[in-house]
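On a predicted model such as this, the values are computed, not experimentally measured, just so you know.
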Amino acid sequence: MAEIRPVNAISVHSIPVPAALWNPGLSTIIEANPEWEERSGIDSFDIKRLLESESEHFIYNECSYSLKRGTVEGSLELLMIVPSIETRTSENEKDKQNSSSDIYQSLIRNTPTCVCIIDKNGVLTEMNESFKQLFKLTDEAIGESLCRQSPFKNPAFVNLVMKGIQGKNVQREELTFKTGDDRECTCHITISPADYNQRGAVDQVGIILHDITEKKEYENDLLSLKVELENTLRLQKTITYKIKKHQDDFVIEMAAGDLLNKLDISPSNVIGKTIQEIFDTYHLGKIQPKLKRIWVTGEELTYEDEYKGLEYIASMVPVMKDGEVTTIICSIADISLIKDIQRKLIETQEKYRSMVQYSPDNIYMLNTEGIVQEVNPAAEGQWTFPSDDMIGKHFSEFITEDQQIDTIKHFETALQGEATRYITTLNNKDGNRTHISVTNIPIRVNDKVIGIYGIGQDITARMKIAEELKEAKELLEAYFEHAGDGIALLDPAGEILKVNQHFESMFGWNEAEIIGESITILHLEEQVSQFKQNLKMVKAGKRIKDYETVRYRKDGSPIEIVFNLNPILNDTGKLIGISAIIRDLSEKKRNEDLLKKSEQLAMIGQLAAGVAHEIRNPLTTIKGFLQLMKESAEDDFHLQVIQGELDRIEIITNEFLALAKPRAVHFSMTSLTTLLTSSVEFIKMECLKQGVDVRFSVEEAEIYCDSHQIKQVVLNVMKNALEAMPEGGLLSVQLEKENGCAKISIQDNGAGIPPERMKHLGEPFYSTKEKGTGLGLMICQKIIKEHNGSFSIQSNVNDGTTVTILLPIAGKAGKEY
């Protein structure tokens, strides 16, 4: 059986064969069991000779024995005398030998040390449980080559095994193996021949592997600690003086320490010299009294001072003998770094105190129970409570009832070590409420939360602004969605981001269909280049204003529009979008056509009335003279021809007069509000061109009328008002209900009409305008009269003119037209 290396738990007294612990360095037996003592007491059993012999086998009393040796710990070896297998003994001796062998086998099986046996060919023949567990082997490895097992395919290990097979002992070799779980372990290896054949050749080799992985880790940790300690000591420079009294002075007998180098002091320059020779008068006056007092009293003394710019702490310790001081050991340590840290700490504390004291945010400290410990002045001012009323109370007392549960949850989260941020509401002492944004910060000491810092910022004004912004946003969104113009928001590339309802109804697409599409979806192919030019101008920061053009609906039908393109810039002036405001000109074009036709009709009426007026007067004279001629003339035929032609001229003149009369009317239920709104929208463009502002105020009213005639009247009156303000001004249009009638007031702030001219208004061929005929006002008055209404004019010089139209509201006057 192979030799083993017991661990500390195994005592030589528990080994049933002669065993002892041997110290090779001292050549001394340290401990031995009774069996060893018995053998060593026999003169013929020379232990010393056996230990010096290279052979492990010897003959005693005609019996063959083997001396088994193995290192146990440190420099000690375990010696055991084991009978060889070939020894012929009596049956009793054989039983005893078998008993010893069984115990020996048990020790091998149960030891935590890894043990295995291989034969002369390197085949594994036996291994204990510790060996199996460490290298993750099973009994199937028995009978296989040990060095072909995965953990042992190490060339260095194979070389050691070959030495053992060759009969050489291997002691305390150190190798690292990879075990079956890919873990690395380091072992001390002992290999020695375990059995020989009769020719002296090795039959078996014992291998002992002692796992020292943890020991190596401890050694590495110890080495790291040692290096760290050395670095610490190197940084913590000191000086040690050994001082003795000589007569009435003190002499330095020893000086050592790296701090001497920092002070540029050489030990050879101070050893053997008195303190008067070393220190200047100022420092001598500080040190000498201290040394004298210690020499007399024997007390220890520690103090801090400064020398050559070095801040230090000195410890003076007396060495006593027979109750008297014989030597003083003075240790001086550099505390400059510590002092710097202390000063910085004090400075940091002052900064922190200033930050807390003068912070505009309220800062308070709570203990783990939620009790207020400290508050800064800002907290007193914001909470409107003096600090004495807050300290010692639970923080929840100052929180509004509806916020307390949520606030306490955040406090409990902070107690778990996690900073939290939330918004809550305070009940102030004055009865008002303050909204604050709170950050809870855990206070940690030795990785344990001992309290909470709360930092609160008053956000009442900010929340009010946010609410106002929200309302403004809602108003803007409402305006965007319900604006009378189509609005599209574009990205800088001209792709559609958002459109409003009027845009959808104007062009026939819904928002989902065109989001992400280019706005050129409204264009014909030949219009795209012009749009790109407009887009380029907007990107350059310019605005496209009142651009009239034609675009196309989803169904391909054209629509006349006017649009404005405006850049949308961020705070840095970067273009982030484009707003396109589009107005449908269809109604305006219709109104323009109506006005044009009305003007044409008025012109024809004026022409007809003028021609009729100018022709009828001479025609009457001619007819009179012709009648006289008929009474005296003989040629009646020619006079009849002339009379017929004159009658024909009279008929044509009457037809001209008929052109000046109103055409047939068609009454229907009409919203005067809508009619007036569309008329104002139509005239707005002319107002903008002329610099006239429009003030428009209406109530809802319905009348039974010919909408075209009423619209003609309103447009004519507003057009006259514009012509009265060539340099700009204010046009006021108002619709209100009064005594069952709809009252329309159209007012300008032009030059006004003098009183002497007011009385002639409404007469044919009388006008305040240079080229007017006076027939327009007469026609308007006639139309209103035909609608059972009234038409009146009020004017003051330099104050402007007001035209008031009263029309019966539907249901009041009945349908009697």
Side-chain angles (χ1 to χ4, degrees), residues 1-7 9-10 56 66 68-73 77-78 80 82 85 101-197 200-220:
M1 183 60 63
E3 65 180 1
I4 64 170
R5 199 181 92 193
V7 294
I10 300 176
E56 294 182 355
S66 294
K68 304 297 181 180
R69 307 174 62 169
T71 303
V72 286
E73 61 179 9
E77 291 184 0
L78 174 66
M80 292 184 294
V82 181
I85 298 174
S101 177
D102 290 341
I103 295 173
Y104 191 62
Q105 288 276 6
S106 177
L107 287 172
I108 292 175
R109 285 193 300 269
N110 297 321
T111 180
T113 302
C114 300
V115 179
C116 73
I117 304 296
I118 61 173
D119 63 15
K120 60 185 179 180
N121 296 317
V123 174
L124 182 64
T125 60
E126 189 176 350
M127 59 182 169
N128 67 355
E129 193 64 29
S130 298
F131 192 90
K132 293 179 184 178
Q133 291 179 359
L134 180 61
F135 296 104
K136 310 302 180 186
L137 297 178
T138 64
D139 290 335
E140 294 178 358
I142 302 294
E144 301 288 337
S145 173
L146 177 65
C147 294
R148 290 183 180 177
Q149 303 299 316
S150 178
F152 304 106
K153 293 179 180 181
N154 186 330
F157 178 74
V158 173
N159 185 46
L160 295 178
V161 171
M162 292 304 298
K163 286 183 179 181
I165 293 174
Q166 294 169 4
K168 299 177 182 178
N169 288 324
V170 176
Q171 297 286 334
R172 298 186 64 80
E173 290 286 343
E174 187 176 303
L175 284 179
T176 299
F177 299 90
K178 284 190 176 180
T179 60
D181 55 1
D182 291 331
R183 185 179 67 88
E184 288 189 350
C185 69
T186 303
C187 297
H188 275 159
I189 303 173
T190 300
I191 300 178
S192 63
D195 203 0
Y196 295 85
N197 57 23
V202 174
D203 271 345
Q204 290 183 319
V205 175
I207 302 175
I208 302 175
L209 301 176
H210 184 63
D211 186 1
I212 60 168
T213 305
E214 291 186 5
K215 178 182 176 183
K216 294 295 290 186
E217 292 175 354
Y218 294 151
E219 288 177 352
N220 292 334

Approximate separation, where rounding is to 0.5 Å, of [X] [atom1] and [Y] [atom2]:
X: C187; Y: I212; atom1: SG; atom2: CD1; answer: 7.0 Å
X: L146; Y: L137; atom1: CG; atom2: CG; answer: 8.0 Å
X: K136; Y: T138; atom1: NZ; atom2: OG1; answer: 12.5 Å
X: E129; Y: C114; atom1: CD; atom2: SG; answer: 10.5 Å
X: L209; Y: S130; atom1: CG; atom2: OG; answer: 11.0 Å
X: N121; Y: I165; atom1: CG; atom2: CD1; answer: 7.5 Å

Quiz item: Tell me, which pairs form a side-chain hydrogen bond (donor to acceptor under 3.5 Å, both in side chains) where one or both residues lie in residues 139-165, sequence neighbours left out?
Solution: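 Sorted pair list: K132-D139.
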Quiz item: Restricting to pairs with a member in residues 211-220, which pass side-chain hydrogen bond (donor to acceptor under 3.5 Å, both in side chains), not counting sequence neighbours?
Solution: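 Listed once each, the pairs are E174-K216, D211-T213.
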Quiz item: Side chains of V205 and I191: does their closest heavy-atom pair fall under 4.5 Å?
Solution: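 Yes - at least one pair of side-chain heavy atoms lies under 4.5 Å apart.
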Quiz item: Does any non-hydrogen side-chain atom of F152 lie less than 4.5 Å from one of L124?
Solution: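 Sidechains of F152 and L124: no contact.
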Exercise. Using the test side-chain contact (heavy atoms from CB on, under 4.5 Å), find all partners of L175 that sit at least two apart in sequence or belong to another chain.
Key: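 Listed in chain order: A156, F157, L160, F177, I189.
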Quiz item: Any idea which heavy atoms bring I117 and G206 closest together, and the distance?
Solution: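 Result for this residue pair: CD1-CA, 3.7 Å.
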Quiz item: Can you name the residues that form a side-chain hydrogen bond (donor to acceptor under 3.5 Å, both in side chains) with T186, not counting sequence neighbours?
Solution: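 Per chain and number, T186 pairs via side-chain hydrogen bond (donor to acceptor under 3.5 Å, both in side chains) with T176.
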